[in-house]
Amino acid sequence: MVRLDRSFYSRYTPDVARELLGSVLVRVIGGQELRSRVVEVEAYRGADDPASHAYRGVTKRTSVMFGEPGHAYVYFTFGFHHCLNLTTETEGEPGAVLIRAVEPLKGIDEMKKRRGVEQLTNLTSGPGKLAKALGIDLSLNGEDVVRSRELFVLRGRLDGNVAVSTRIGISSGQEKPWRFYAEGNPFVSGARTINYRTLESARRGVVG
DNA sequence: GTTCCGATTTTCT
DNA sequence: GAAAATCGGAACA
């Protein structure tokens, strides 16, 4: 399998997000390889996106989003959870794709152990859950996934259709149809959002 | 320095 | 459906 290269990430963030669906996330930890398929993502940009951490410009936390594309942006939230993003756009132009859900492929027992749960569909069906299952924390913030041996992404395709919706858990920028997920996949995190049937209808802002 | 609050998850009612 | 858990970053003074 082929690793996604720098040029893949160096594009308009919603495009990168959508095409990241189906790719294989590889995490090497403690001599073990954990593999999972990306099934749900969200795009976050900069000055045009009030929901983004990078909206107000460069800060200590968001500097990774402004840096070279193809790096991991990991942040800690609610005092409990880590979330994994992959940076996009070009140097100086902020952007990142939040990995919201993955489908476990390999190392499932290790993921269960790290999560402390048995049910397969509850293992990685949310951004905080998958970060815990894969052992992702702030030490991986800034990691170059184009070169890293601990965290990287392989090219892959989705079997089914891509669905589009508004993003989850944000208080501004709610109208943007920048959440993409594998339709019908049981690992996609559940939440009430506007769901668009096609990309075209999403662009027009028409439901259904 | 102090305050506010979040790109969440789990558990309880 | 609602609330609690718990902490670091960012904003404001």
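Every chain is numbered from 1, with letters handed out A, B, ... down the list of sequences. Bear in mind that the values here come from a model prediction, so they are computed numbers and not experimental data.
Between A:His53 and B:dA7 there is a side-chain N or O to OP1 or OP2 distance below 4.0 Å. Within the structure, every side-chain polar atom (N or O) of A:Arg56 is placed at least 4.0 Å from both OP1 and OP2 of C:dG9. For C:dG9, neither phosphate oxygen OP1 nor OP2 lies less than 4.0 angstrom from any side-chain nitrogen or oxygen of A:Thr59. Between A:Arg115 and B:dT10 there is a side-chain N or O to OP1 or OP2 distance below 4.0 Å.
Summarising the geometry, the separation between CG on A:Asn122 and P on B:dT8 is reported as 16 Å, rounded to the nearest angstrom. Following rounding to the nearest Å, A:Met65 (CE) and B:dA7 (C1') show an atom-to-atom distance of 10 Å. Nucleotide C:dG9 holds its C1' atom 13 Å from the CG atom of A:Asn141, rounded to whole Å. Going from atom CD1 of A:Ile168 over to atom P of B:dG6 covers 16 Å, rounded to whole Å. Between the NE2 atom of A:His82 and the C1' atom of B:dG6 there is a distance of 15 Å, rounded to whole Å. In this structure, A:Tyr75 places its OH atom 6 Å from P of B:dT8, rounding to the nearest Å. Atom CG of A:Asn85 is separated from atom P of B:dT8 by 11 Å (rounded to the nearest Å). Atom pair A:Ile99:CD1 and B:dT8:C1' shows a separation of 16 Å (rounding to whole Å applied).
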As a quick check of understanding, evaluate side-chain hydrogen bond (donor to acceptor under 3.5 Å, both in side chains) for A:Glu89 and A:Thr13, giving each step before the final call. CA-CA 6 Å; A:Glu89 306 284 342; A:Thr13 308; 2.6 Å; yes
For the pair A:Arg6 and A:Asp144, evaluate salt bridge (charged side-chain N to carboxylate O under 4.0 Å, His left out) and give the outcome as yes or no after the intermediate values. CA-CA 10 Å; A:Arg6 193 83 60 203; A:Asp144 181 358; 2.9 Å; yes
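Listed here is the closest heavy atom pair of A:Leu86 and A:Leu20: CD1-CD2, 3.9 Å. A:Pro14 approaches A:Phe180 most closely through the heavy-atom pair O-CE1, 3.6 Å.
Minimum atom distance to the side chain of A:Lys129 is reached by B:dT10, of the listed B:dA7, B:dT10, C:dG9.
Looking at heavy-atom distances under 4.0 Å, A:Ile170 makes contact with sugar-phosphate atoms alone, never a base.
A donor-acceptor contact shorter than 3.5 Å is absent between the side chain of A:Asp109 and the backbone of A:Lys112.
Rounding to the nearest 0.5 Å gives a distance of 11.0 Å between CD of A:Glu143 and CG of A:Leu84. From A:Gln32, atom CD reaches atom NZ of A:Lys113 across 7.5 Å, with rounding to the nearest 0.5 Å.
Applying the ring-ring contact (aromatic ring centres under 6.0 Å, His included) rule to A:Phe76 yields the partners A:His82; only residues at least two apart in sequence or on another chain are considered.
Checking A:Arg45 against A:Ser52 by side-chain atom types alone, no donor-acceptor pair falls below 3.5 Å.
Counting only Watson-Crick and G-U wobble pairs whose two key distances fall under 3.5 Å, DNA chain B forms stems of three or more stacked pairs at B:1-6 with C:7-12, B:8-12 with C:1-5.
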Restricting both atoms to N or O, compile the protein contacts to nucleotides 5-8 of chain C shorter than 3.5 Å, with distance only.
| residue | atom | partner | partner atom | Å |
| --- | --- | --- | --- | --- |
| C:dT6 | O2 | A:Phe78 | O | 2.8 |

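Across the C1' atoms, B:dC5 and C:dA3 are found 16 Å apart, a figure rounded to whole Å.
Residue-environment remark: CG (A:Asp159) stays at or below the threshold of 12 foreign heavy atoms within 6.0 Å.
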